[in-house]
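Because the structure is a prediction, the values reported are computed rather than measured. Letters A, B, ... mirror the listed sequences (proteins, then strands); counts begin at 1.
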Amino acid sequence: MSLIETKQNRRSFIKVATATGGGFVLGFNWLASCTPDKTIKEIPSEWVDINAFLKIAENGLVTIMSPNPEIGQNVKTAMPMIVAEELDVNWEDVMVEQAPLSKDFSRQVAGGSQSIRSSWKGLRTAGATARQMLVNAAAEQWKMNASDCTTSMGVISNANGEKITYGEIASMAALQAVPEDVKLKEPKNFTIIGTGRGNVDIDKIITGKPLFGLDYKVEGMKYAVALRPPAFGQKLKSFDDTEARNINGVSDVIRYGDKIAVLANSTWAAMKGQKALIAEWEEGEKLENSMDHDHDLHALLYKKSDEPRSNDGNVEKAFTEADKVIEKVYEAPFLPHNTLEPQNFFADVTPEHVRLAGPIQTPAGTRSRIAKLLDRNEDDISLELTRMGGGFGRRLYGDFALDAAEISSLAGVPVKLVYSREDDMTAGIYRPASKYRFKVGFKNGKLTAYHLVGAGVNTGNVTREKNFPAGSVPNYKVESHKLESNITIGAWRAPITNFLACAEQSFVDEVAYEIGMDPVQFRLDLLDEVINNPHGEFGYEPEKMKGVIKLAAEKSNWNHNEEGVFKGFSAYYSHNTYVAEVAKVRLVEGQLKIEKVDCAVDCGILVNPLGAINQIQGGIIDGMGHALYGDLTFKDGKPQSSNFNNYRLIRMIESPEQIDVHFVESDNDPTGLGEPSLPPAGGALANALFAATNIRFYRQPFAKQLVEIEKNI
Amino acid sequence: MANFNISVNGKKHEVDVDPDTPVLWVLRDNLDLVGTKYGCGIAQCGACTVHIDGVAVRSCSIPVASVGKKKITTIEGLSEDGTHPVQEAWKKEDVPQCGYCQAGQIMNAASLLAKNASPSDDEIQEAMNGNICRCATYLKIHAAVKTASSLL
């Protein structure tokens with residue numbers, strides 16, 4: 001067992017908390033039952049707070065707080081599972097409650113696939129600390145040593161055969177001093193972690209209970225829909241709101257900066273009001289075009305960087321001495337996030353208090369920006385976290401929450417700002433358009449030089465210079481260039497690597513093909529070089545990378561050819577997790593179908609296999625879908641897609657028919673899962689498409705090229 | 001504004017809204033039935049799917065004035081206690097990631113199964129293709145429709 005310092009020394013105190021609710025028009029209830037099928041025990045009205053993470057009722061029910069924002073990565077199930085494991089209770093006795101933004105919790109962020117990884121020790125310690133306090137209280141009552149007591153499923157026992165439940169001793173436990181260190185379980189003794197547990201919100205989701213920001217509603221609230229400059233680079237010159245104000249239900253029109261908000265009694269009236277505004281826009285900055293981005297990014301690929309990200313050996317010399325050189329360029333467009341729940345946020349700004357609620361991946365940072373905007377003390381601002389209808393990085397940026405707070409402040413009423421789909425897609429923060437130029441040199445069959453130049457819109461570093469194949473090549477150079485633009489860009493699920501991995505893994509496949517090697521063996525040989533004869537710096541574990549590559553190859557029968565099935569391989573390391581994928585496509589009536597994907601994953605200890613498989617399958621389909629169809633272009637600063645009639649997302653019919661996920665067994669602490677299966681997906685698909693068509697896919701979205709190919713099949 | 005009498009989940013409601021107001025917003029803003037979701041407003045994503053006289057329709061694109069006496073069923077009224085076979089199947093397969101599109105998926109699947117109790121894989125794909133799941137839980141949705149079919 002490992003001893004963990006609790007970093008808590010205050011004495012706990014009994015706090016009887018009543019069940020949540022109140023203040024809402026809709027019955028927002030943050031409690032979720034873990035066992036929707038059974039109402040085994042009545043939900044009590046009184047709970048004893050043991051620590052910030054959990055409270056226990058006399059009948060033995062335990063409420064565990066889920067501190068982090070839930071965007072569909074299923075932390076609302078996984079985080080409480082970790083606490084429950086160390087507390088040693090029946091999962092059936094656990095209720096889960098979404099915590100608001102609070103000083104009691106650290107890093108309340110949904111981003112970087114880090115929720116579980118960064119709170120793993122903290123969640124376990126919270127559960128183990130509470131367990132120890134319960135044991136100490138029981139021992140005190142029995143007048144014996146705590147070390148002579150054991151726990152199992154919410155019951156404490158002693159050597160004399162006496163038993164007491166957590167519920168019975170909870171109020172005494174709360175008076176116990178918080179232990180300075182606690183023992184954590186050995187992973188082999190886990191009974192909850194590693195077992196598949198269903199989504200704790202499932203009952204609410206399947207019966208349509210209020211859960212999401214868009215469902216949030218309080219008495220007297222106005223719906224706000226805003227008109228924004230239609231093009232990046234434009235400013236508001238003037239506007240006429242006469243017609244908008246004449247629409248039934250519209251109560252106010254407010255200009256803030258270059259935007260105009262229409263406030264109304266219903267979402268529909270606010271949307272109609274927005275459409276009825278007549279605005280005149282003027283050019284503030286350059287109105288940009290995708291054709292120019294394309295041209296400028298391309299030029300940057302051939303520019304020498306003064307500060308390369310990495311520069312081992314001498315690539316220039318190695319290329320002149322090489323007997324084989326291969327060079328390719330890969331390109332990808334801007335992408336909107338398209339969370340299915342459009343951006344929205346609730347704000348009620350009063351002189352006394354600022355109340356915020358809604359879908360946000362970065363609640364703390366957003367509150368602090370709102371405090372600055374409104375010149376308020378952070379302690380005067382509360383923020384409730386609603387379940388999010390997707391995030392994908394878009395809700396890392398609190399722009400919509402700041403807007404809601406500003407509108408409420410100006411209008412003096414509680415406001416829910418709602419984006420229409422068109423607002424969401426056109427006033428976005430986008431995955432930046434980017435390009436890569438890869439070049440390798442071989443001498444006597446051995447890889448001697450590797451040169452990568454990346455260029456991205458508004459992006460500091462579009463490379464991951466310490467990733468594969470760093471460490472395997474003596475002459476290794478990576479450069480990154482930034483193209484300045486007034487188009488707002490930001491993190492999009494697996495930032496940078498969402499396309500870098502696709503480009504790199506397509507290139508690796510092509511290089512292996514060109515030198516007549518099996519692409520799996522080519523990767524394994526390079527990794528052996530990193531292990532046996534490392535060159536320069538690298539930031540991944542080659543053994544783990546080999547592990548997933550071999551597992552994916554084995555599970556997919558890589559070495560066995562099947563009539564009419566075309567395979568593509570890809571492997572990538574991101575968010576501390578190793579993933580290898582094999583995509584299999586076949587030709588059905590002149591169209592390419594993705595038949596199956598085999599995916600091998602090394603993510604350390606698996607917390608919830610059910611949720612994990614969901615994340616991995618979703619990430620693969622998301623990665624393949626955007627590689628195939630994702631495409632946002634700009635003309636005179638204006639996004640050329642605005643809704644799903646002119647922006648294509650992958651649907652069921654185009655998705656792989658089967659995705660098998662194979663986990664590497666591990667005792668290492670858990671690593672990321674929300675993102676890592678996405679980066680390799682595009683490459684696996686591109687390589688399978690090459691196997692099927694003998695044509696390489698260098699430019700996303702692949703569908704444009706694929707349509708032409710399918711015409712000739 | 002005008003008064004409309006509509007039937008939702010077996011109950012009569014009188015609402016005072018503009019005739020062009022989509023059923024979606026009447027449900028959400030006037031009747032506080034927020035299980036039906038807004039996704040695109042142009043009948044492209046399926047998040048707003050409800051049943052009108054038992055048939056799956058996109059409530060974002062149906063003006064309240066056109067409903068008349070027809071019966072609207074939403075996710076809240078699909079079953080009394082969340083035990084419709086499709087809801088049971090969704091739970092059994094643990095389908096959702098973010099969960100936002102799932103009410104629409106469930107309503108669409110329930111409509112499909114009411115017409116065709118044992119759809120083939122192709123028929124499931126065909127019928128469910130109008131519903132976007134941005135988290136891409138498509139494999140689980142597909143499996144859940146099959147499970148629901150077996151529970152009928």
Select, from [options], the one with the greatest count of heavy-atom pairs under 4.5 Å involving chain A.
{"options": "B:V95, B:V26, B:I106, B:D20", "value": "B:D20"}
{"options": "B:A136, B:G130, B:A103", "value": "B:A136"}
{"options": "B:V17, B:T36, B:T21", "value": "B:T21"}
{"options": "B:G35, B:C98, B:C101, B:G82", "value": "B:C98"}

### A:Y647 and A:H626 aromatic ring geometry - parallel, tilted or perpendicular at 30°/60° bounds
tilted
### Task
Answer yes or no: is there a side-chain heavy-atom contact under 4.5 Å between A:N74 and A:N614?
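No, their side chains stay 4.5 Å or more apart.
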Decide whether [X] and [Y] meet the rule of one side-chain donor and one side-chain acceptor closer than 3.5 Å.
{"X": "B:T83", "Y": "B:D81", "result": "yes"}
{"X": "B:T137", "Y": "B:Q97", "result": "no"}
{"X": "A:N265", "Y": "A:S251", "result": "no"}

### Query
Which atom pair, heavy atoms only, marks the closest approach of B:T147 to B:S150?
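Minimum heavy-atom separation between B:T147 and B:S150: O-OG, 2.6 Å.
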Interchain contact, [X] with chain B, by part (heavy-atom threshold 4.5 Å):
{"X": "A:Q658", "answer": "backbone"}
{"X": "A:I659", "answer": "both"}
{"X": "A:M271", "answer": "side chain"}
{"X": "A:L649", "answer": "side chain"}
{"X": "A:T267", "answer": "both"}

Would a distance-only check, ignoring hydrogens and angles, find a side-chain to backbone donor-acceptor pair under 3.5 Å from [X] to [Y]?
{"X": "A:N344", "Y": "A:K416", "value": "no"}
{"X": "B:R58", "Y": "B:Q44", "value": "no"}
{"X": "B:Q125", "Y": "B:M128", "value": "no"}

### Among the listed options A:I620, A:N338, A:I71, the residue most often paired with chain B at heavy-atom distances under 4.5 Å
A:N338
### Task
Select, from A:T207, A:L610, A:T339, the one with the greatest count of heavy-atom pairs under 4.5 Å involving chain B.
A:T207
So which part of [X] gets closer than 4.5 Å to some heavy atom of chain A, the side chain, the backbone, both or neither?
{"X": "B:N131", "value": "backbone"}
{"X": "B:H84", "value": "neither"}
{"X": "B:N129", "value": "both"}

